[in-house]
Amino acid sequence: MNVDNRIEEVVTACCGTGSARQKEIFASFIRHLYGFVADICPTDDEWMETIQYLTSVGQKCDDKRQEFILLSDVLGVTALKDDLNNLKSEDATETSVLGPFYREGVKTFPLGSSISNGKEDGERCLVKGRVTDTNGKPIAGALVDVWQAAVNGLYEQQDESQPDMNLRGCFETDEEGYYFLETVKPKYYPIPKDGPVGTLLDKLGRHNYRPAHIHFIVSSEGFEPVVTQYFDKQSKYIDSDSVFGVKPSLLIDFESVKEKGEYSSVVLSKGDWTATCNFVLASVKV
Ligand code: BEZ
Ligand code: FE
């Protein structure tokens, strides 16, 4: 039996039933997996080490921790999947990785509300922007779902000192497509390293930090939702994001407030920050 015959035998065994898409996926998976194994020609010990590593990734997963997503993220596979899907709506805001810390069911707040618990360490920051379609027309009533880590580098579900749903909120754009909210200026932070993904990063001589960013999911009926992040251009690790989420179009300046002033209902003091995060949504293709 030669290697080529074996591939065809397995592809035939795996692709006899199911949808055309399922057959396409399995045939490609088998061919690439065979290519990989034939390329590296693993010893028995190396193969067992691989199996044990994947087993440990699975064992680290529970309802709060998804180590396989983290593995996909640090290998850049999630970013590749996003890049390929981005090609479908070229004029829309580029996407970035969702990450494992998104939570559904966040409260919708009136425009200008703060998503910080008020006792937060960190510098106050006004985040504002506009949601438009690909022709520049404002989208009223779009939902802007925002979340970020606290300045201690932890999301609320990782940290008992933060109230439930801290630094998360949903906002609805006004008639002109504008939204604004108060938060704290984000800081770079480490992704979890106490599991098999951390072991892998150490082995590869890589760090586990992400540059300062704010996450968004922006949606409106009739438009493709955008899952993305805006990054502080000046942040440490901006050129070496451990999950490859940074894209030039998602870099923004956080601007320091020079003197006391107002933005609609939000009073700004000297030393606060402002960040403008605009979004362009593409229509759903029919
Ligand atoms: C995040 O930005 O929340 C994140 C993304 C990927 C892996 C870990 C964290
Ligand atoms: Fe994050």
Side-chain angles (χ1 to χ4, degrees), residues 57-58 60-86 93-106 115-116 120-122 125 127 144-159 162 164-170 181 183-202 204 206-218 225-247 249-252 254 275 277 279:
V57 172
K60 190 72 188 168
C61 296
D62 59 25
D63 56 347
K64 288 222 164 103
R65 177 80 176 249
Q66 230 305 350
E67 198 75 356
F68 271 111
I69 294 186
L70 213 51
L71 183 60
S72 164
D73 292 345
V74 302
L75 293 178
V77 180
T78 314
L80 169 65
K81 183 260 303 163
D82 286 348
D83 289 344
L84 294 169
N85 282 306
N86 264 333
T93 299
E94 287 196 280
T95 60
S96 187
V97 293
L98 174 68
F101 299 117
Y102 173 66
R103 285 184 70 184
E104 283 180 2
V106 64
I115 57 170
S116 145
E120 211 88 56
D121 287 337
C125 183
V127 173
V144 180
D145 191 340
V146 189
W147 71 105
Q148 69 172 85
V151 283
N152 65 3
L154 296 171
Y155 285 85
E156 51 79 25
Q157 71 265 58
Q158 299 175 285
D159 179 10
Q162 293 181 53
D164 192 40
M165 294 289 190
N166 191 39
L167 293 171
R168 297 173 189 275
C170 226
L181 61 112
T183 184
V184 288
K185 186 170 183 269
K187 207 178 159 206
Y188 60 85
Y189 68 82
I191 62 168
K193 209 185 166 194
D194 58 335
V197 168
T199 312
L200 179 69
L201 289 174
D202 278 345
L204 300 176
R206 287 177 51 192
H207 71 72
N208 62 320
Y209 280 85
R210 300 216 62 212
H213 60 272
I214 304 179
H215 294 262
F216 297 90
I217 299 179
V218 183
V226 167
V227 178
T228 196
Q229 303 168 33
Y230 272 108
F231 296 87
D232 177 358
K233 209 187 257 182
Q234 305 297 333
S235 174
K236 197 170 174 186
Y237 304 111
I238 201 72
D239 293 323
S240 63
D241 182 5
S242 57
V243 302
F244 308 97
V246 176
K247 296 173 183 174
S249 69
L250 302 176
L251 298 179
I252 54 161
F254 281 73
C277 302
F279 302 94

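Note that the numbering runs from 1 along the sequence shown for the chain. These numbers come from the heavy atoms of this one structure, side chains and all, not from hydrogens, waters or symmetry mates. Just so we're clear, the structure is a prediction, and the values are computed from it rather than from any experiment. In each ligand, atom 1 is the first atom listed, and ligand 1 is the first ligand listed.
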Undergrad: Considering residues, nucleotides and ligands other than Asp164, do more than 12 of their heavy atoms fall under 6.0 Å from its CG?
TA: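 Enclosed: over 12 neighbouring heavy atoms sit under 6.0 Å from CG of Asp164.
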Undergrad: Suppose the cut-off is 2.8 Å; which protein N/O/S atoms would you list for the Fe ion (ligand 2)?
TA: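 Listed by chain and number: Tyr155 OH, Tyr189 OH, His213 NE2, His215 NE2.
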Undergrad: Would you please indicate yes or no on a ring centroid separation below 6.0 angstrom for Phe279 and Tyr230?
TA: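 Judged by ring-centre distance (under 6.0 Å), Tyr230 and Phe279 do meet the cut-off.
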Undergrad: Is the shortest side-chain heavy-atom distance between Phe101 and Pro192 below 4.5 Å?
TA: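 Touching, per the 4.5 Å side-chain cut-off.
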Undergrad: Quick check against the 3.5 Å criterion: does Thr228 have a side-chain atom that pairs as donor or acceptor with the backbone of Glu94?
TA: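 At least one qualifying donor-acceptor pair exists.
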Undergrad: Please identify each residue that fulfils salt bridge (charged side-chain N to carboxylate O under 4.0 Å, His left out) with Asp241, with sequence neighbours left out.
TA: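 With sequence neighbours excluded, Asp241 shows a salt bridge (charged side-chain N to carboxylate O under 4.0 Å, His left out) to Arg210, given in chain and number order.
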Undergrad: So, using side-chain contact (heavy atoms from CB on, under 4.5 Å) as the criterion, who are the partners of Glu67 when residues are at least two apart?
TA: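 Result, side-chain contact (heavy atoms from CB on, under 4.5 Å) vs Glu67: Val57, Lys60, Cys61, Arg65, Leu70, Pro196, Val197.
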Undergrad: Under 4.5 Å between any side-chain heavy atoms of Phe254 and Ile214, yes or no?
TA: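 Result yes, sub-4.5 Å side-chain heavy-atom pair found.
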Undergrad: Just how far is it from atom CZ of Arg168 to atom CD of Gln162, taken to the nearest 0.5 Å?
TA: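 The distance works out to 9.0 Å.
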Undergrad: Verify whether the ring centers belonging to Tyr237 and His207 lie closer than 6.0 Å.
TA: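 Centroid separation for Tyr237 and His207: below 6.0 Å.
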Undergrad: When you look for protein heavy atoms under 4.0 Å from ligand 1, which residues do they belong to?
TA: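 Protein residues near ligand 1 are Leu70, Asp73, Gly99, Pro100, Phe101, Tyr155, Tyr189, Ile191, Arg210, His213, His215, Val243.
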